[in-house]
Amino acid sequence: RVIPDHVPAELVFEPRYEEPNTLFDPFIVTKDVYEELPPIFYWPRPSPGRYDGTWVVTHYDDIAKVYQDDSIFSAQDASNFQGTIGETFKILPQSVDAPVHGPYRKFLSPWFTPKIINAQDDQIGRVINGLIDGFIDKGECDVSHDFCRPFPVLVFLNLMGFPEDRVEDFLAWEYAILADKRDIESVRWGSRHAIDYLRSFIEEVRAEPNDKLASAIVHGEIDGRPLNDDEIIGMLFMLFLAGLDTVSGTTGLIFRRLALDTELQQKLRENPKLIPGAVDEFMRLFPIVNASRMAVKDHEIRGVKIKAGDFVMCYAMAGNFDPDVFKNPRETILARQPNRHFSFGSGAHLCLGQHLARREMRMGIAEFLRRIPPFTVKPGADLTVYPGQIAARHVPVVWDKDAI
Ligand code: HEM
């Protein structure tokens, strides 16, 4: 382990990350992360090709500052995902700062407005109900594997204009990237296949344009010039990464919670109007993305010296429980207002797909609860979320099939 000289020994801290369940258990995580962690600490957690360790900020105001001020905390070079997989393109628009960031964001934004997203309700509903049809009569399913995983992939394929019959491939690539972030070979395998596919797809829609998002990117222009190949693949790959496992992972954790907490499940069944607020409250409780930035100037946070070149991670899992901002943060308050959590980030890079993500999750939960009778965890099922995974891979549940 390499700890830089300017990092005081007392600020080096390793969260109890190795223990299964500490990451995503809503009860343990709140205690561990907000109450036990210092406001700023240095986590000697190497990220291949990127850093040997990173600062972590845990309080709301500090996280907000890191997100807001890109003159100090840059998104440029903060993600080396493409380096890990041996590519040189930039992931767009996530890994560039203003003013380069603006035109890419502006180019994609019209595809993600609430109006455009709401117009996809029929298609999203068809995908969700098609999956439910497949298991409703069985009285059981693995809600993570059979539902939460495939439905965002199918919605994504349609939005982008990728053929639906590639769903198994997309799932396999997503699975390989998601399965265990520490297994670099698995991440490389999934990414390599996804990128090769995207490259061949670019050639296809170059010859035959259509009205879907991937084609719009391939034929896109910024400032009056066509996008080049690196920009195209950078955007397509970003959407592939951002749009699939995030929604699958969050929805899987929500269903895990609902299967364990049948009272809460009943409350949502009786009052579906609570679902939109509940989705945001679950997102606050189960943030699955902790974004990073790289300091480009020396700076101090709470008297701690951060040097140019240091990485800083915004620990949403702690900021979302800051008691100065969230009253009774450990409680699940379905109608919590306001609920300005960091699960979609903040500042210039605030999640572009947030309306789509919310819509998918709200509809997924609403339709599942409407059609499937009260469900519980299948006896003997192992719901452990292991380190390195960002979601519960299997959530087997059962219901009374005679109650349908
Ligand atoms: C950015 C989370 C779903 C597209 C982000 C960021 C977070 C995030 C935290 C900020 C990253 C940073 O500041 O470095 C999530 C979560 C999701 C989700 C938790 C689901 C529950 C989606 C979906 C899409 C999407 C469905 C599109 C299909 C994007 C894009 C950005 C982004 C394009 C980059 C925006 C920019 O750099 O301007 N997301 N996301 N996300 N997300 Fe999402």
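Just so you know, residue 1 is the first one in the sequence shown, and it goes up from there. Both ligands and their constituent atoms are indexed starting at 1 by order of listing.
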Exercise for review: Assess the pair F73 and Y67: is the distance between their ring centroids shorter than 6.0 Å?
Suggested key: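 No, too far apart.
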Non-hydrogen atoms of [X] versus ligand 1: any pair closer than 4.0 Å?
{"X": "M235", "value": "no"}
{"X": "R293", "value": "yes"}
{"X": "P93", "value": "yes"}
{"X": "Y104", "value": "no"}
{"X": "C314", "value": "no"}

Gap separating the [atom1] atom of [X] from the [atom2] atom of [Y], nearest 0.5 angstrom:
{"X": "F326", "Y": "E331", "atom1": "CZ", "atom2": "CD", "answer": "14.0 Å"}
{"X": "I365", "Y": "F255", "atom1": "CD1", "atom2": "CZ", "answer": "5.5 Å"}
{"X": "T113", "Y": "H355", "atom1": "OG1", "atom2": "NE2", "answer": "7.5 Å"}
{"X": "N320", "Y": "T58", "atom1": "CG", "atom2": "OG1", "answer": "12.0 Å"}

Quick one: which ligand 1 atoms are inside 4.0 Å of a heavy atom on [X]?
{"X": "A357", "value": "3 (C), 20 (C)"}
{"X": "V247", "value": "20 (C), 26 (C)"}
{"X": "A348", "value": "38 (O)"}
{"X": "F112", "value": "27 (C), 28 (C)"}
{"X": "R105", "value": "35 (C), 36 (C), 38 (O)"}
{"X": "H349", "value": "1 (C), 10 (C), 13 (O), 35 (C), 36 (C), 37 (O), 38 (O)"}
{"X": "Y67", "value": "13 (O)"}
{"X": "S343", "value": "2 (C), 9 (C), 19 (C)"}

Practice item. For D229 and R206, run salt bridge (charged side-chain N to carboxylate O under 4.0 Å, His left out): C-alpha distance rounded to whole Å, both residues' side-chain angles, the deciding distance at 0.1 Å, then the answer. Key: CA-CA 11 Å; D229 279 5; R206 260 206 180 113; 2.8 Å; yes
So which bit of [X] gets within less than 4.0 Å of ligand 1, heavy atoms only: side chain, backbone, both or neither?
{"X": "C351", "answer": "both"}
{"X": "V289", "answer": "side chain"}
{"X": "Q94", "answer": "both"}
{"X": "Q354", "answer": "neither"}

Counting heavy atoms only, name the option from [options] that's nearest to [atom].
{"atom": "atom 24 (C) of ligand 1", "options": "G347, G353, G345", "value": "G353"}
{"atom": "atom 31 (C) of ligand 1", "options": "K106, H341, M283, M238", "value": "M238"}
{"atom": "atom 28 (C) of ligand 1", "options": "A316, S109, G243, A75", "value": "G243"}

Point to revise | Residues H394 and D382: side-chain donor-acceptor under 3.5 angstrom | key: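 Result is no, nothing qualifies.
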Review point. Are a donor atom and an acceptor atom from the side chains of R257 and T332 found within less than 3.5 Å of each other?
Key: yes
Practice item. Starting from atom 22 (C) of ligand 1, locate the nearest protein heavy atom and write down its residue, its atom name and how far away it is, to 0.1 Å. Key: A242 O, 3.3 Å
Check your understanding: Does a sphere of radius 6.0 Å around CZ in R269 hold more than 12 heavy atoms from other residues, nucleotides or ligands, not counting ones at 6.0 Å or beyond?
Key -> yes
**Study point:** N/O donor-acceptor pair under 3.5 Å between H299 side chain and A295 backbone
**Key:** no
Practice item. Apply side-chain contact (heavy atoms from CB on, under 4.5 Å) to the pair L239 and L213, showing each step before the final yes or no. Key: CA-CA 10 Å; L239 292 169; L213 177 52; 3.9 Å; yes
**Study point:** N or O pair under 3.5 Å between T250 and ligand 1
**Key:**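 Not met; the criterion fails.
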Check your understanding: Does the salt bridge (charged side-chain N to carboxylate O under 4.0 Å, His left out) test come out yes or no for D142 and K378, once each step is laid out?
Key -> CA-CA 9 Å; D142 177 344; K378 187 172 180 174; over 6 Å; no
